[in-house]
Amino acid sequence: MREPGVALAGAIERDEGGLAIVTCPDLDLREWLVREVESLVSTSARAFRTASVREALDRPEHMALLIPVDEAEVVRELDACRDQALEPPRTQPIVLFLLRDGDGHRTLALEAPSAWSWASGSDVDPEQLAELDVEAERTVFCDETGEEPEAWLARWRGDEVPRTAEHYARAFWAFTLERR
């Protein structure tokens, strides 16, 4: 099984000024995935939610969590505005949340070659990767870290764990395995 958290963190970090696409199965899980991304990223990313491509482009030093109302229109606008995202150079990515089999993906495939190449492999479908045996994964987590996910997360939340790509991925994994 490919680790969804690693895939999500990788898509976001692959191109710091690029476009990452997160595929969501439905609106409820889209909201959950947005919260997961918010919990994974460093505060220095200054992530913000928006439905506006213009707002995302106007704040290149912030991670834009782009949650479209009209997916097809947002994809077309991103496609038309790709050059505007290059100058001034972005220091944080735009993370676009699209519904699986929705208008956004169809538009991306058929009408938006510039946006598709901009994302250049920085797309992920966490649900598709997330076929998970929780107890087996908890055992693997403990073997790798020497502690239960809850203990590791307590250190993470207490800022005792450095914010590295590896640790962001581990945090996502621990959040997934956490018993509440």
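- No side-chain heavy atom of T91 sits under 4.5 Å from any side-chain heavy atom of P60.
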Give the intermediate values and the outcome of side-chain contact (heavy atoms from CB on, under 4.5 Å) for residues L19 and L96. CA-CA 7 Å; L19 174 65; L96 174 62; 4.0 Å; yes
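- Contact record, P25 with L29: CG-CD1, 3.3 Å, taken as the closest heavy-atom pair.
- Residue L99 is not grouped with residue L110 when hydrophobic side chains (ILVMFWY) are merged at heavy-atom distances under 4.5 angstrom, including chains of intermediate members.
- Side-chain atoms of L57 and I94, non-hydrogen and from C-beta on, do get closer than 4.5 Å to each other.
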The test is salt bridge (Lys or Arg N to Asp or Glu O under 4.0 Å); show your working for R179 and E135 and say whether it passes. CA-CA 11 Å; R179 290 186 180 138; E135 290 310 312; 2.8 Å; yes
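- Looking at R138, its side chain does come within 3.5 Å of a backbone N or O of L177 through a donor-acceptor pair.
- Looking only at side-chain heavy atoms (C-beta outward), C142 and E148 come within less than 4.5 Å of each other.
- Taking both residues in full, the closest heavy atoms of P149 and F141 are given as CA-CE2, 3.5 Å, listed atom of the first, atom of the second, then distance.
- Salt bridge status for R54 with E77: absent, with no side-chain N to carboxylate O gap under 4.0 Å.
- When V53, I21, D103, T107 are each tested for a side-chain contact (heavy atoms from CB on, under 4.5 Å) with V75, only one passes: T107.
- Relative to the six-membered ring of W156, R163 meets both conditions, a distance below 6.0 Å and an angle of at most 45° to the axis.
- Closest approach of D101 and R106 over heavy atoms only: O-NH1, 2.7 Å.
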Output, in order, the C-alpha distance, side-chain angles, deciding distance and verdict of side-chain contact (heavy atoms from CB on, under 4.5 Å) for I67 and T50. CA-CA 6 Å; I67 308 160; T50 186; over 6 Å; no
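- Within the structure, salt bridge (Lys or Arg N to Asp or Glu O under 4.0 Å) pairs that include any residue of residues 59-75 comprise E55-R59, E73-R76 (at least two apart or interchain).
- With F97 as the partner, the side-chain contact (heavy atoms from CB on, under 4.5 Å) test is satisfied by one option alone out of L66, V74, V37: V37.
- Side-chain contact check for E178 versus E150: some heavy-atom pair is nearer than 4.5 Å.
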Checking side-chain contact (heavy atoms from CB on, under 4.5 Å) for the pair E31/L27: CA distance, chi angles, key distance, verdict? CA-CA 6 Å; E31 176 59 28; L27 293 174; over 6 Å; no
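- Taking every heavy atom of both residues into account, F48 and A56 meet most closely at CZ-CA, 4.1 Å.
- Side-chain atoms of H105 never come within 3.5 Å of backbone atoms of R100 as a donor-acceptor pair (strictly under, hydrogens ignored).
- Atom-to-atom distance recorded for Q92:CD and S44:OG is 6.5 Å, nearest 0.5 angstrom.
- From R35, atom CZ reaches atom CG of L65 across 12.5 Å, with rounding to the nearest 0.5 Å.
- The backbone N or O of P162 lies less than 3.5 Å from a partner atom in the side chain of H167, making a donor-acceptor pair.
- One finds the CD atom of E160 at 6.5 Å from the CZ atom of R155 (value rounded to the nearest 0.5 Å).
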